[in-house]
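Accompanying notes for the structure given below.
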Amino acid sequence: MQAALKEALKAGKKNEAPIGAVVVHKGAVVGRGHNKKESANDPLSHAEMVAIRAASKKMKAWRLSGTTLYVTLEPCLMCMGAIIQARIPRLVFAAYDPKAGACGSLYDISKDGRLNHTVSVTAGPCEAEASGLLKGFFSTLRSGKKALKKAASTGGA
């Protein structure tokens with residue numbers, strides 16, 4: 001999870017939501033990613049998607065059997081779909097996402113028996129650290145928007 005948190009910090013430094021992910025196979029990181037939605041102008045550039053693509057390229061396989069995905073925030077529906085399609089057997093995430101989470105918050109796609117693959121999920125490691133990064137980022141973002149709004153209403157003075 002520490003490697004995923006380092007990826008989240010990279011995203012935060014780029015003014016992206018500080019979410020990071022790594023794919024691990026046999027104890028080695030085979031894919032890394034952090035949010036790049038803003039910089040890439042790509043709604044699909046979630047940390048998980050970037051890490052899964054990197055792992056697939058490195059492993060030369062779309063089936064990522066025997067891997068574990070570590071991510072700092074509970075994956076959304078899109079990312080859970082990719083995790084299932086990649087046949088990733090294990091997911092570990094730090095913080096729940098009550099607005100978009102698909103592993104227990106809003107949905108639980110990981111255990112849906114109607115799908116051709118289920119995912120073993122562990123939640124909570126490094127939750128405080130991951131949540132702190134996100135809360136700090138969005139607090140700063142809101143403060144900046146308030147300052148811009150205030151400046152606009154007073155004529156920028």
Side-chain angles (χ1 to χ4, degrees), residues 1-138 140-141:
M1 188 58 75
Q2 291 302 313
L5 285 164
K6 285 181 184 176
E7 289 296 317
L9 288 169
K10 288 180 190 177
K13 289 178 183 174
K14 297 176 183 177
N15 290 322
E16 299 274 359
I19 302 167
V22 294
V23 178
V24 175
H25 183 253
K26 296 183 180 178
V29 174
V30 293
R32 297 177 183 277
H34 55 270
N35 266 12
K36 295 182 178 182
K37 285 174 33 174
E38 300 295 332
S39 59
N41 290 315
D42 180 2
L44 306 180
S45 289
H46 289 203
E48 301 94 325
M49 302 294 274
V50 174
I52 290 168
R53 282 188 191 115
S56 292
K57 187 174 181 179
K58 184 162 186 162
M59 293 178 71
K60 295 179 174 47
W62 65 267
R63 284 185 189 90
L64 299 179
S65 303
T67 63
T68 299
L69 173 64
Y70 294 87
V71 63
T72 58
L73 185 66
E74 179 184 9
C76 69
L77 281 166
M78 174 184 70
C79 292
M80 278 309 299
I83 290 164
I84 289 165
Q85 288 298 314
R87 307 301 194 271
I88 295 173
R90 185 165 180 249
L91 166 69
V92 179
F93 69 87
Y96 280 97
D97 183 353
K99 294 184 179 182
C103 297
S105 288
L106 292 180
Y107 308 96
D108 195 350
I109 303 304
S110 65
K111 293 183 177 105
D112 191 327
R114 297 170 293 178
L115 300 172
N116 64 345
H117 179 72
T118 57
V119 181
S120 172
V121 176
T122 302
C126 302
E127 180 180 10
E129 192 171 352
S131 292
L133 286 174
L134 287 160
K135 287 175 183 172
F137 175 81
F138 286 110
T140 301
L141 190 65

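When reading the values below, keep in mind they use all heavy atoms of this one structure, side chains included, and skip hydrogens, waters and symmetry mates. All figures in this text were calculated on a predicted structure; none of them were measured in a lab.
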Rounded to the nearest 0.5 Å, what's the gap from [atom1] on [X] to [atom2] on [Y]? Could you check?
X	Y	atom1	atom2	result
His25	Ile88	NE2	CD1	11.5 Å
Phe137	Glu16	CZ	CD	7.5 Å
Tyr70	Met1	OH	CE	7.5 Å
Gln85	Trp62	CD	CH2	7.0 Å
Leu73	His46	CG	NE2	10.0 Å
Arg114	Ile109	CZ	CD1	7.5 Å

Between [X] and [Y], what is the shortest heavy-atom contact and its length?
X	Y	result
Phe93	Pro125	O-CD, 3.5 Å
Ala130	Ala94	CB-CB, 3.6 Å
Arg87	His117	C-NE2, 3.4 Å
Glu127	Ala95	CG-CA, 4.1 Å
Gly33	Ala51	N-CB, 3.8 Å
Ala54	Gly31	CB-CA, 3.9 Å

With heavy-atom distances below 4.5 Å as the criterion, would you say the side chains of [X] and [Y] are in contact?
X	Y	answer
Leu44	Arg53	yes
Leu133	Leu5	yes
Leu106	Asp97	no
Thr67	Met59	yes
Lys14	Ser39	no
Ile83	Leu69	yes
Met49	Met78	yes
Arg32	Val22	yes

Donor-acceptor under 3.5 Å ([X] side chain, [Y] main chain):
X	Y	result
Thr72	Ala4	no
Asn35	Ala47	yes
Glu74	Ser105	yes

Pair Leu141-Asn15, side chain to side chain contact (heavy atoms under 4.5 Å, CB included): steps then yes or no
CA-CA 9 Å; Leu141 190 65; Asn15 290 322; over 6 Å; no
Using side-chain contact (heavy atoms from CB on, under 4.5 Å) as the criterion, point out the one residue from Cys79, Cys103, Ser120 that pairs with Leu91.
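Looking at Cys79, Cys103, Ser120, the match for Leu91 under the side-chain contact (heavy atoms from CB on, under 4.5 Å) is Cys103.
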With sequence neighbours left out, what residues match Glu7 under side-chain hydrogen bond (donor to acceptor under 3.5 Å, both in side chains)?
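Listed in chain order: Lys10, His34.
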